[in-house]
Amino acid sequence: MNVLTHFVPAFETLKTPFYFYDMDLLRRTAAACKDAMNRYGYQAHYALKANANEPVLKVMREAGFGADCVSGNEVLWAIENGFPPEKIVYSGVGKTDVEINHAIAHRIFCINCESTQEIDVVNGLAAAAGTTVDVSVRLNPDIDPHTHEYITTGLEENKFGVSPWEFGRLAEKLKAAAHLRLVALHVHVGSQITDLPVFRHLCERLNDLQDLLRNYDIQVEHLNLGGGLGVDYADPDGHPVVDFKGYFDLIHRYLKVRSRQTVHVEPGRSLVAQCGSVITRVLYVKNGQKKNFVVVDAGMTDLLRPALYQAQHAIQQLSSQASPGRYDVVGPICESGDCFGKNISLPQTQRGDIIAIRSAGAYGQTMAMQYNLRDLPPAYYSNNIDI
Ligand SMILES: *Cc1c(COP(=O)(O)O)cnc(C)c1O
């Protein structure tokens with residue numbers, strides 16, 4: 001039933017909480033993505049912000065993924081971890097001059113400009129460096145991805161990208177930018193999108209935007225659809241690998257690719273979410289009059305998604321198979337939002353039992369913080385944990 005059961009003897013010996021990564025699943029997921037996209041000759045840049053651990057990056061790099069970065073430090077970290085600069089894309093609405101200069105110096109694949117003003121700034125910095133820089137432009141496709149508002153990025157009201165009403169100005173700026181070469185159009189509408197028709201809509205919208213831009217004499221060699229493909233948080237054992245084939249088939253079907261154009265995607269979560277878990281111990285079981293609480297030693301500092309997005313991760317008790325009870329599973333942080341799940345069915349639980357909070361491979365460890373002066377938990381990997 002539970003793929004983690006096998007590792008419980010090792011977990012018992014370790015100080016909790018920690019992150020645990022199933023490297024076999026990670027490799028299978030990367031291979032499934034590659035197989036599905038290779039049929040169409042697409043390129044993928046793995047979004048480092050989902051998980052930037054070295055062993056994870058190694059798997060991604062070896063599978064042939066490039067890197068999608070959203071900060072200067074991510075660009076440097078990708079290079080340090082062996083990603084070829086020509087396979088690195090750098091996005092972000094608020095790049096500093098220092099960050100842009102790093103990207104220019106390393107001659108990455110492209111800097112993704114998110115506003116018309118950024119085009120001027122990157123052009124100026126490229127001129128100062130005496131070079132020409134490849135850029136993409138992030139377009140705002142004004143699409144609702146039907147996901148949580150905090151992870152929606154492609155609506156007109158969001159801060160990301162250039163909207164069609166600015167295309168005239170965009171064309172002027174690009175024409176004037178002698179040190180830039182526009183190589184790609186980019187869109188990214190949000191994250192944890194489980195509604196596949198959203199991507200169909202996105203493809204159709206990008207077709208329209210390309211037509212519009214053609215009126216301004218803007219044509220590119222690369223189309224970048226961003227990331228966003230969602231995973232099954234409710235049933236990680238039932239759906240350990242997402243339907244990459246369905247996703248890429250849909251893109252192939254609906255995106256109009258012009259001759260000599262290459263399609264790029266930037267999967268993050270869909271590659272790494274399911275391979276990771278937060279492993280935590282039960283500190284206390286509080287039996288109340290209305291509710292029973294399980295207090296665990298992991299908190300929102302180690303996995304922020306439930307507190308930040310009301311995300312629900314599957315919670316599994318790995319120590320016993322006693323008859324089930326109902327519990328609110330909460331962390332030790334002094335915040336009411338520090339709750340991993342309400343009214344969760346778990347075997348009757350006691351102090352010392354081991355609990356796994358699943359699907360924590362993406363936006364788990366990378367969002368960890370030290371609030372309450374907590375330690376940052378370590379990571380263990382299935383291929384070198386002692387059993
Ligand atoms: C976060 C991000 C991604 C990855 O998104 P996922 O939902 O994790 O697939 C891709 N591209 C850009 C520009 C991003 O900001």
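Here the two rings, on Phe11 and Phe18, have centers that are under 6.0 Å apart.
Ion pair Glu204/Arg200 flagged as a salt bridge, since at least one NZ, NE, NH1 or NH2 atom sits closer than 4.0 Å to an Asp/Glu carboxylate oxygen. A salt bridge does not link Asp142 to Arg205: none of the charged side-chain nitrogens sits closer than 4.0 Å to a carboxylate oxygen. By the 4.0 Å N-to-carboxylate-O rule, Asp134 lies close enough to Arg181 to be salt-bridged with it. Between Glu74 and Lys49 there is no salt bridge, since no side-chain N of the basic residue sits under 4.0 Å from a carboxylate O of the acidic one.
Listed for the Asn112 side chain is no donor-acceptor partner under 3.5 Å among the backbone atoms of Tyr90. The closest donor-acceptor contact from the side chain of Asn372 to the backbone of Ile333 lies at 3.5 Å or more, if one exists at all. Not a single donor-acceptor pair under 3.5 Å links the side chain of Tyr381 to the backbone N or O of Val56. Put simply, the side chain of Ser319 gets close to the backbone of Ile354: a donor and an acceptor are under 3.5 Å apart. With hydrogens and angles disregarded, no donor-acceptor distance shorter than 3.5 Å links the side chain of His186 to the backbone of Asn224. Checked by atom type and distance alone, the side chain of Thr349 pairs as donor or acceptor with a backbone atom of Pro347 at under 3.5 Å. Side-chain atoms of Glu99 do not come within 3.5 Å of backbone N or O of Val70 as any donor-acceptor pair. Counting only distance, with no hydrogens or angles, the side chain of Glu166 and the backbone of Ser163 share a donor-acceptor pair below 3.5 Å.
Side-chain N/O atoms of Tyr363 and Gln192 include no donor and acceptor closer than 3.5 Å. The closest side-chain donor-acceptor pair between Arg269 and Ser191 falls under 3.5 angstrom.
None of Leu202, Leu250, Leu225 except one satisfies the side-chain contact (heavy atoms from CB on, under 4.5 Å) rule with Leu255; the exception is Leu225.
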Worked verdict on Arg39 versus Asp249 for salt bridge (charged side-chain N to carboxylate O under 4.0 Å, His left out):
CA-CA 9 Å; Arg39 297 172 52 221; Asp249 287 352; 3.1 Å; yes

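Taking every heavy atom of both residues into account, Val278 and Ala298 meet most closely at CG1-CB, 3.8 Å. Of all the heavy atoms in Leu139 and Val187, the pair that sits closest is O-CG1, 3.8 Å. The shortest non-hydrogen separation linking Ala50 to Thr366 is O-OG1, 3.3 Å. Residues Asn343 and Arg326 come closest through the heavy atom pair O-NH1, 2.8 Å. Nearest heavy atom pair, residue Met300 against residue Phe340, reads N-CZ, 4.1 Å. Shortest non-hydrogen contact noted between Gly361 and Asn51 is O-ND2, 3.0 Å.
Pairs engaging residues 249-268 under the ring pair (Phe, Tyr, Trp, His ring centres under 6.0 Å) rule: Tyr40-His252, His45-His264, Phe109-His264, His222-His264 [sequence neighbours left out]. Within the structure, ring pair (Phe, Tyr, Trp, His ring centres under 6.0 Å) contacts touching residues 223-243 (residues at least two apart or in different chains) are Tyr233-His313.
Rounding to the nearest 0.5 Å places CD1 of Ile355 at 9.5 Å from CG of Asp297. How far NZ of Lys175 is from OH of Tyr216: 11.0 Å, rounded to the nearest 0.5 Å. One distance of note links CD1 of Ile315 with OH of Tyr327; it measures 13.0 Å at 0.5 Å rounding.
The aromatic rings of Phe244 and Phe248 sit parallel to each other, their planes meeting at less than 30°, with 60° as the upper class boundary. Between Phe20 and Phe7, the angle of the ring planes lies from 30° to 60°, which puts this pair in the tilted group.
Here Arg258 pairs with Asp211 under the salt bridge (Lys or Arg N to Asp or Glu O under 4.0 Å) rule; sequence neighbours left out.
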